[in-house]
Amino acid sequence: MILGKRLSNFISILFYMLKEIKIYKMKYIYVLAILLNFIFSACSNLFIPEISSQLEQTLKEFHNPNSNVILIAAHRSMHTKFPENSLAAIKHSIENGVDIIEMDVRRTKDGKLVLMHDSKIDRTTNGSGKLEELTFDETQKFNLISENVNDETYKIPLFEDALNLAKGKIMIDIDIKGAPVKELLKFVNKTETKSQVILFDSEFEVLDSLLYIDSTLIVMPRAHSMDEVNFIIEKYSPEVIHIDDSFFTQEVINKIKDNGARVWINALGKPDEQALKKDFTGYKSLIEGGANILQTDLPVELKNYVNGSN
């Protein structure tokens with residue numbers, strides 16, 4: 001409304017100025033048309049978040065159930081060089097052309113949403129204690145640690161800062177580690193990242209809560225059996241389903257793909273371990289088996305394999 005009033009006032013001033021300088025009628029209409037076109041074009045950009053060509057292509061493939069493109073997701077963001085779930089790891093993922101980053105969201109004692117996988121900060125920082133028993137300011141006294149980090153200092157980041165960093169650049173898989181869904185969605189909407197966000201939780205009740213608030217959200221249910229695959233398709237008609245290798249069968253793959261969804265599976269563990277030894281049979285079996293979104297701790301190695309660079 002405020003923008004509309006300002007625009008109206010601006011147009012009124014233009015009318016007055018054009019009349020005052022006595023432009024002939026036809027020229028007056030022509031010049032005004034050009035000015036209005038410029039104004040409305042500029043204003044429209046205020047409401048459409050800019051996205052990179054990389055993200056645009058990823059979204060195009062993600063939403064196309066017939067696409068043969070394999071999408072790669074960086075587990076806890078790309079942490080081969082930087083600490084997991086850090087802003088630096090997110091930035092590194094974007095710079096390396098990864099399709100999707102995964103981030104884990106938890107809440108501190110004072111209600112701040114931050115990125116942290118574990119319920120305790122012991123493994124990933126030089127501090128200790130349960131995250132839910134620490135205020136955000138208290139968490140900032142510690143540094144994120146990683147075997148790959150040397151002298152630089154990295155802090156536990158706010159969820160909002162992570163969204164703003166990824167905005168318009170890369171798809172985001174949000175693993176909801178008990179974070180309140182209303183608060184989480186508040187920041188998704190505030191940062192205008194909804195179109196690039198996938199919301200993941202193993203509990204159907206959490207997904208139901210999300211969709212109750214906004215039925216247009218992209219959610220990713222996790223299945224643990226063929227029966228659950230059928231249940232998920234019937235209940236959610238999702239665009240992507242997370243499955244495990246314990247029931248990675250052709251029947252499951254066909255069922256998911258025939259219903260217009262992508263198959264998300266982890267390449268964590270053995271496939272990644274093999275890749276470190278230049279053995280890509282693990283990746284090959286997942287792709288040939290029909291998975292088309294692979295989550296990995298080695299996104300560059302997997303990307304090179306998919307592109308035929310290895």
Problem - CG on Asp173 to NE2 on His75, rounded to 0.5 Å - result: 9.5 Å
Exercise for the section: Can you see which heavy atom on Ile170 is nearest to which on Leu55, and at what distance? Expected result: C-CD1, 3.7 Å
Completion exercise
Taken in chain and number order and not counting sequence neighbours, the residues that satisfy side chain to side chain donor-acceptor pair (under 3.5 Å) with Asp214 are Lys194, Thr216
Practice task
For atom NZ of Lys91, decide whether the heavy atoms of other residues, nucleotides or ligands shown that lie under 6.0 angstrom number more than 12.
Solution key: no
Fill in the blank from the handout: By salt bridge (charged side-chain N to carboxylate O under 4.0 Å, His left out), Lys60 pairs with (sequence neighbours left out) none
Handout entry: Sub-4.5 Å side-chain heavy-atom contact between Met220 and Arg222
Key = no
Handout entry: Value rounded to 0.5 Å, distance of OG1 in Thr193 from CG in Leu163
Key = 4.5 Å
Practice task
Quick one: closest heavy-atom pair of Pro238 and Ala261, and the distance?
Solution key: O-CB, 3.3 Å
Handout entry: Crowding at NZ, Lys120 (>12 non-hydrogen neighbours, <6.0 Å)
Key = no
Practice task
Kindly check if the number of other-residue, nucleotide or ligand heavy atoms within 6.0 Å of CD (Glu234) is above 12?
Solution key: no
Exercise for the section: For the residue pair Tyr305 and Tyr283, categorise the inter-ring angle as parallel (less than 30°), tilted (30 to 60°) or perpendicular (more than 60°). Expected result: tilted
Problem - Exercise: do Glu84 and His117 side chains pair donor with acceptor under 3.5 Å - result: no
Problem - Where Pro299 and Met78 come nearest, the two heavy atoms and their spacing - result: CG-CG, 3.7 Å
Handout entry: Atom pair CG (Leu113) and CG (Leu158), whose distance is rounded to the nearest 0.5 Å
Key = 8.5 Å
Practice task
May I ask you to test the Met116-Asn85 pair for a side-chain heavy-atom distance under 4.5 Å?
Solution key: no
Exercise for the section: Please test Asp104 against Arg106 for salt bridge (Lys or Arg N to Asp or Glu O under 4.0 Å), starting from the C-alpha separation and ending with a verdict. Expected result: CA-CA 7 Å; Asp104 304 283; Arg106 291 185 180 273; over 6 Å; no
Handout entry: Whether over 12 other heavy atoms sit under 6.0 Å from Lys169 NZ
Key = yes
Exercise for the section: Compare all side-chain heavy atoms of Trp264 with those of Leu294 and state whether any distance is below 4.5 angstrom. Expected result: no
Practice task
Can you run down the side chain to side chain donor-acceptor pair (under 3.5 Å) pairs that involve residues 199-213, sequence neighbours left out, and say none if there aren't any?
Solution key: Asp208-Tyr236
Exercise for the section: State whether the number of non-hydrogen atoms from other residues, nucleotides or ligands found under 6.0 Å of Asn68 atom CG is greater than 12. Expected result: no
Handout entry: Leu134 to Ser128 - nearest heavy-atom pair and separation
Key = CD1-O, 4.2 Å
Problem - CD1-CZ distance between Ile241 and Arg262, expressed to the nearest 0.5 angstrom - result: 13.0 Å
Handout entry: Exercise: do Ser246 and Asp244 side chains pair donor with acceptor under 3.5 Å
Key = no
Handout entry: Trace of the side-chain hydrogen bond (donor to acceptor under 3.5 Å, both in side chains) decision for Ser225 with Asp227
Key = CA-CA 5 Å; Ser225 66; Asp227 287 342; 5.0 Å; no
Exercise for the section: Using a strict 4.0 Å threshold on nitrogen-to-oxygen distance, state whether Arg107 and Glu132 make a salt bridge. Expected result: no
Exercise for the section: State whether a side-chain donor-acceptor pair under 3.5 Å links Asp272 with Thr296. Expected result: yes
Exercise for the section: Take Asp137 and Thr135, measure what side-chain hydrogen bond (donor to acceptor under 3.5 Å, both in side chains) needs, and give me the verdict at the end. Expected result: CA-CA 5 Å; Asp137 287 344; Thr135 66; 5.5 Å; no
Handout entry: Distance (rounded to the nearest 0.5 Å) between Ile265 CD1 and His242 NE2
Key = 8.0 Å
Handout entry: Arg76, CZ: over 12 other non-hydrogen atoms inside 6.0 angstrom
Key = yes
Problem - Residue pair Val105 / Val114, side-chain heavy-atom distance below 4.5 Å - result: no
Exercise for the section: Can you measure from OG1 (Thr125) to CG (Asn143) and round to the nearest 0.5 angstrom? Expected result: 8.5 Å
Problem - ILVMFWY cluster, Met226 and Ile256 together (side-chain gap under 4.5 Å) - result: yes
Practice task
Would you check if Gln140 and Ile156 make a side-chain contact, meaning some heavy-atom pair closer than 4.5 Å?
Solution key: yes
Problem - Single-linkage hydrophobic cluster, 4.5 Å side-chain cutoff, Val219 and Ile213 together - result: yes
Practice task
Would you kindly confirm whether Val263 and Phe231 end up in one hydrophobic cluster when ILVMFWY residues are joined by side chain heavy atoms under 4.5 Å apart?
Solution key: yes
